[in-house]
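To start, the structure itself, in structure tokens.
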Amino acid sequence: MTETSSKTLTLYNTLTRHKDVFQPIDPDRVTMYVCGPTVYNHAHIGNARPAVIFDMLARVLRHLYPNVVYARNITDIEDKIIEIAAQEGVEISVITERYAEIYRTDMGALGVALPDIEPKATETIPEMIAMMERLIAAGHAYEAEGHVLFNVPSFPDYGQLSRRPMDEMVAGARVEVAPYKKDPADFVLWKPSSDEQPGWDSPWGRGRPGWHIECSAMIEKHLGDTIDIHGGGIDLQFPHHENELAQSRCSHEGAPFANYWLHNGYLNMNSVKMSKSLGNVLLVHDLIDQAPGEAIRLALLNGHYRQPLEWNDDVLPQAKAQLDRLYGALRQLEDVEPAAGDHVPGAFLDALLDDLNTPKALAELFQLAKLANQAKDGQEQAKLKAALVQSGLLIGLLQQDANQWFEGADGSSDLDADAIEAQIEARNAARAAKDFAEADRIRDALADAGVLIEDGPEGTKWKLAG
RNA sequence: GGCCACGUGGCGGAGUGGUUACGCAGCGGAUUGCAAAUCCGUGUACCCCAGUUCGAUUCUGGGCGUGGCCUCCA
């Protein structure tokens, strides 16, 4: 069963604009950083996409390397946070801790494991200040009216990641340029805080960090000057990632920042980008009340991570039906002990290793389900069960008990399991007595209560209606 | 205006220079007391127009359409 695989991971690298073979700096310590949430409100389903994608990549990396350090930050100082905290009349930590916890819970429902490190901006202020001092000393940053600004022209490679020529950007700039900027493209590293605003003492007075510096400082502190993989949504490519890259390289004497840059595509709501300003957002917090988290995860993995992903009312029920099929295969094997050893099919692994081609990997998973449904031989069944569960683990699916999936812990029926079993027993008694009218009456009554019956050679099973 | 993606059957969505990916839904059959589940089978799908080619959905050019980015939205 164990087929050979190339075992070579290739990833599309935004820096080079093509698929590159992944070669870690240190195979014994693979480092990945992903931009996490700014915690002032609930995450929407588009926000969940990178969380799920890079959770999966971490799983794949762990399958290949003994030690993976995955860091995903929490941005807990930002002007919107300050605004909302002021509205509620509380410290910003009240807001940020509230929404950080909701974020962890919501993502957890989608099978997203906590990262190894979850650094917070407010816990990295000294490192940011040290980095800015180095940037100033090296002539890449300067102080102006209580601000510290990064001087873009001081870094000739600026624009390399997003492929934007600087002159064009400045020409197309549609924002008023602050008078204290030496160059219109310069961006803020540090800005002064008023007495009411949260702030930290610094060589430039009491203030707070700009957006980009935190990621650079957190990466340096926890992962090192040069990391293997940096991930995030495509919308962060510019300016956020471009600026991060500039700061980090300039404060590390030009050393490479991240060897592989990965960007996931947008999630579209009825063909239009889901965004707060358009008001077409679906919150993960609400979705997990409407569908199993695992179905939401599968819906996000149904498309390739770099492509735009369509989200509409059909997507979630379809994902749930797909899981019904996969778990259906597993339920048929509920009494089969999975075979020991590695049974991840080579074709499945190769699909993931080819720039995380989840649609192709899922096709392999359905092939396994079909084979499992056909299999009669016990050994074959054991291997197929192992293959399904182990493959599922790599993408964060199929880890719950099959009966639990169908019988659901979320309770969309008024009846409890004991009552259902009693009804099934009564119905089977009627069937044995050839009283099919009574048997069908019981089945219809259960169906009305949201419970569907399936008779099989080994007895009657049931599931909650989706 | 500049730059960049994308356009595959009812829906989602891979992929390939020439043999219907896959899943959901639909249809036919097997099975079933009837169902469900399962199995088998099933759909003139690749935006338009040129070009390259023996052959293009796949390459090139043009067009149309949709969407995105252009200083703090994953």
Side-chain angles (χ1 to χ4, degrees), chain A residues 34-38 43-54 75 78-80 152 162-165 167-175 177 184-188 210-212 231-240 242-243 263-268 271-278 281 298-299 301-304 306-326 328-329 331-332 351 357-367 369-370 372-374 406 431 434-437 439-440 443-444 447 452-457 460-463:
Chain A
V34 173
C35 293
T38 302
H44 63 67
I45 185 67
N47 297 317
R49 195 175 185 195
V52 167
I53 297 291
F54 292 107
T75 297
E78 200 261 354
D79 285 4
K80 278 183 216 118
V152 169
S162 53
R163 305 272 167 119
R164 282 163 208 259
D167 47 348
E168 276 182 23
M169 283 190 315
V170 174
R174 57 184 188 189
V175 171
V177 177
D186 291 354
F187 57 91
V188 172
W211 177 32
H212 317 295
I234 186 78
D235 52 337
L236 293 182
Q237 195 180 102
F238 186 87
H240 182 52
E242 194 71 56
N243 292 354
H263 292 100
N264 64 272
Y266 286 113
L267 186 145
N268 290 331
S271 304
V272 184
K273 174 191 172 186
M274 182 178 290
S275 76
K276 287 162 196 159
S277 52
L278 292 173
V281 297
L298 177 55
L301 295 178
N302 259 330
H304 183 90
R306 280 191 284 117
Q307 297 304 122
L309 181 70
E310 181 65 19
W311 196 277
N312 57 44
D313 290 344
D314 296 330
V315 159
L316 221 38
Q318 284 184 11
K320 174 147 187 323
Q322 287 179 294
L323 281 168
D324 280 344
R325 176 160 179 79
L326 295 172
R331 180 152 75 159
Q332 288 203 3
N357 191 334
T358 50
K360 201 172 175 189
L362 287 167
E364 294 299 329
L365 214 51
F366 285 104
Q367 173 65 13
K370 172 167 285 192
N373 284 328
Q374 293 169 327
F406 287 110
R431 288 173 70 211
K434 297 267 195 277
D435 183 358
F436 295 120
D440 289 351
R443 183 172 64 195
D444 291 347
L452 303 180
I453 295 297
E454 293 176 16
D455 296 324
T460 300
K461 297 180 188 301
W462 59 276
K463 67 175 181 181

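By convention in this document, chain letters (A, B, ...) are assigned in the order of the sequence lines, proteins followed by strands, and residues within each chain are numbered from 1.
Of the P atoms belonging to B:G62 and B:A74, the separation is 36 Å, rounded to the nearest Å.
Among residues two or more places apart in sequence or in another chain, the side chain to side chain contact (heavy atoms under 4.5 Å, CB included) test is passed with A:Pro239 by A:His212, A:Asn243. Scored by the side chain to side chain contact (heavy atoms under 4.5 Å, CB included) test, A:Glu364 finds A:Ala347, A:Phe348 as partners (sequence neighbours excluded). Scanning for side-chain hydrogen bond (donor to acceptor under 3.5 Å, both in side chains) contacts around A:Asp79 gives A:Lys191, A:Arg208, with sequence neighbours left out.
Residue A:Arg443 places a side-chain atom within donor-acceptor reach of the base of B:C34, judged by atom type and a 3.5 Å distance cut-off alone. One donor-acceptor pair, N or O on each side, does fall under 3.5 Å between the base of B:C34 and the side chain of A:Asp455.
Across all strands, A:Gln367 comes closer than 4.0 Å to no nucleic acid atom at all (heavy-atom distances). Here A:Leu236 lies in heavy-atom contact (under 4.0 Å) with sugar-phosphate atoms only.
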Annotated protein contacts, base or backbone, on nucleotides 9-15 of chain B with a non-hydrogen cut-off under 4.0 Å, one of B, S, - each: --BSSSS
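Rounded to a whole Å, the CG atom of A:Asp440 is 17 Å from the P atom of B:U32.
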Show each protein N/O and nucleotides 39-42 of chain B N/O combination with a separation under 3.5 Å, one pair to a line.
unit_1 : atom_1 : unit_2   : atom_2 : d
B:C39  : OP1    : A:Arg325 : NH2    : 3.2
B:C39  : OP1    : A:Asn373 : ND2    : 3.2
B:C39  : OP2    : A:Arg325 : NH1    : 3.3
B:C39  : O3'    : A:Gln374 : NE2    : 3.2
B:C40  : OP1    : A:Gln374 : NE2    : 2.7

For nucleotides 27-29 of chain B, list the nitrogen or oxygen atoms of the protein found under 3.5 Å from its nitrogen or oxygen atoms, one pair per line.
none

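For A:Asn264 and A:Ala363, each mapped to the nucleotide of RNA chain B holding its nearest heavy atom, the one lying further toward the 5' end belongs to A:Ala363.
Between A:Asp455 and A:Arg431, at least one side-chain N (NZ, or NE/NH1/NH2) sits under 4.0 Å from a carboxylate O, which counts as a salt bridge.
A:Leu236 contributes atom CG, which lies 12.5 Å from atom CD of A:Glu242 (distance to the nearest 0.5 angstrom).
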